Q: 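Just dropping this structure here.
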Amino acid sequence: MGISIDEQIRILSRRSERILNEDDLRKKLARSEKTGKPLRIKMGMDPTAPDVTLGHAVPMKVIREFQDWGHKAVIIIGDYTARVGDPSGRNETRPVLSGEEIDRNAKTYVAQVGKILRTDPEHLEVRYNGEWLAKMNLVDIIRLTGRMTLAQVLQRDDFAKRFSEQVELRLHELIYPLLQGWDSVMIDADVEMGGSDQLFNNLVGREFQKEEGKESQVVIVTPLLVGTDGAIKMSKSKGNYIAVTDPASGPKGMFGKIMSLPDHLMESYYTLLTDLPAEEFRSLIQSNPRDAKVRLAKVMIMWLHDAASAAAAESEFVRTTHGGVPDEMPEFSIGSGPHKLAPLMVKAGMVTSNGEGIRKIKEGAVKIDQQKVTDFQKEYTFDKPVVLQLGNRKFARLKP
RNA sequence: GGGCGUGUACCGAAGUGGUCAAACGGGUCAGACUGUAAAUCUGAUGGCUCUGCCUUCGAAGGUUCGAAUCCUUCCGCGCCCA
């Protein structure tokens with residue numbers, strides 16, 4: 001394998017907010033090296049929404065390092081815990097999904113995770129925690145809850161906060177960390193990865209393993225990636241996320257989303273999501289933020305798509321920001337007309353109502369074949385396809 | 001079971017009889033600027049056959065010339081006491 005343990009720790013530290021604890025990790029790594037037995041690196045995924053985001057990608061990149069050193073990722077799909085709802089980092093109760101929704105989401109996870117992780121059976125094991133949680137009966141569950149006190153559970157920051165602020169806190173939410181901890185026992189995790197908001201949950205696993213007379217897992221938490229709003233943690237439910245499966249270009253594509261990140265986020269994105277050396281991107285960010293962001297976008301797309309898509313996304317971006325028109329856009333057959341423009345904009349999905357379309361025309365935001373439209377009452381007849389444009393990001397080809 | 005409180009547009013939050021399609025903030029969209037879609041400034045943001053009309057303020061009824069605002073019932077939610 002060739003890399004010293006010191007070197008491994010150094011590499012891991014780039015994305016580690018905390019390692020609990022480092023000595024244990026060193027011991028595990030050393031033993032694994034000696035025996036050739038890979039470590040089991042656990043990460044839980046809550047299938048409450050179908051997208052794996054760049055937020056998940058941060059701990060997953062760490063897992064990928066472990067895989068590259070010969071260890072095994074164990075991804076736990078929380079099909080059962082999703083029925084409970086992880087309250088991490090929330091100040092409100094998470095909605096509980098139906099079984100079908102969860103299953104549907106869970107299925108797509110494996111493919112998405114494959115963009116980041118090695119997926120051969122040597123390096124990846126995917127488990128559903130319903131596998132063992134579904135078998136527990138009431139007595140088992142009551143015993144599990146008896147392992148912790150209320151005071152211990154309320155140490156968790158968001159629980160404590162909600163409790164003291166008199167925000168709703170349901171009993172089932174308190175059980176969530178216990179279930180997640182039990183997962184670690186069941187799969188014999190050596191290391192559990194997660195965002196820093198998972199710290200408490202992961203430590204429960206460490207504790208439970210010890211109680212069961214097993215070797216305790218090491219807990220590594222990564223910094224939380226801030227979402228596209230530049231303010232709060234990237235999360236599916238807040239809509240401030242970039243998904244690993246987002247298209248490279250287009251109005252909702254990775255390139256555009258990354259370009260619209262506030263500049264001050266670039267350093268953390270470079271650090272957490274790329275492997276470029278810090279000196280390199282720091283100086284680029286300082287000297288030319290615009291180019292630094294383009295570079296970031298391209299690196300991300302090369303990673304999650306491919307080099308050709310990255311180049312195409314950039315050229316499309318440059319063209320459209322300079323008033324150009326992209327090669328590809330959605331097409332709509334509308335018949336020759338006559339048509340008023342606002343309803344066409346609705347049909348093309350650019351606006352949600354005629355009124356909004358009319359407003360946009362009045363604002364001077366609408367163009368047909370690059371010509372600004374000013375009269376919202378005017379009726380148009382088309383004998384050949386035209387490009388309808390709102391702002392410089394939304395395009396549709398209208399065919400007679 | 002008892003008490004207090006609460007339900008307003010995408011979200012948060014004002015409004016306690018007419019001047020309310022409803023302040024303000026956030027978000028979103030657009031305009032200007034910019035070799036970033038960042039930042040900043042500006043505008044828009046219920047629907048429509050758009051200088052007017054229609055439908056909204058948890059639901060249903062009611063009082064009134066007139067209700068988001070008052071009354072009745074119902075539903076949802078929060079906390080406290082038991």
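All values below come from the heavy atoms of this structure, side chains included, with hydrogens, waters and symmetry mates left out. Worth saying up front: this structure is predicted, and the values here are computed from it rather than measured. Just so we're on the same page: letters track the sequence lines, and every chain starts at 1.
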Q: Can you tell me the pairing partner of B/G25 across any strand shown, Watson-Crick or G-U wobble, with both distances under 3.5 angstrom?
A: B/C11
Q: 5'-most contact on RNA chain B: A/Asp229 or A/Ser353, nearest heavy atom basis?
A: A/Asp229
Q: Rounded to whole angstrom, note down the C1' distance from B/C10 over to B/G17.
A: 30 Å
Q: Given a cutoff of under 4.5 Å between side-chain heavy atoms of I, L, V, M, F, W and Y, with clusters grown through shared members, what are the other residues clustered with A/Ile361?
A: A/Phe332, A/Ile334, A/Leu341, A/Leu344, A/Met345, A/Val346, A/Met350, A/Val351, A/Ile358, A/Val366, A/Ile368, A/Val373, A/Phe376, A/Tyr380, A/Phe382, A/Val386, A/Leu388, A/Leu390, A/Leu398
Q: Within the 4.0 Å limit for protein heavy atoms, which parts of nucleotides 35-44 of chain B are touched? Write it as a string from 5' to 3', B for base, S for sugar-phosphate only, - for none.
A: BBBB----BS
Q: Members other than A/Ile142 in its cluster, when Ile, Leu, Val, Met, Phe, Trp, Tyr link by side-chain heavy atoms under 4.5 Å?
A: A/Leu138
Q: Could I get the full list of side chain to side chain contact (heavy atoms under 4.5 Å, CB included) partners for A/Ile11, not counting sequence neighbours?
A: A/Glu7, A/Glu65, A/Trp69
Q: At under 4.0 Å between heavy atoms, what does A/Lys394 touch on the DNA or RNA strands: base, sugar-phosphate, or nothing?
A: sugar-phosphate
Q: A/Pro247: what forms a side chain to side chain contact (heavy atoms under 4.5 Å, CB included) with it, not counting sequence neighbours?
A: none
Q: In chain order, what residues pass the side chain to side chain contact (heavy atoms under 4.5 Å, CB included) check against A/Glu328, with sequence neighbours excluded?
A: none
Q: It should be established whether A/Asn354 places a side-chain nitrogen or oxygen under 4.0 Å from OP1 or OP2 of nucleotide B/C50.
A: no
Q: Taking B/U55 as the reference, what is the distance to B/A21 when you measure between their C1' atoms (whole Å, please)?
A: 10 Å
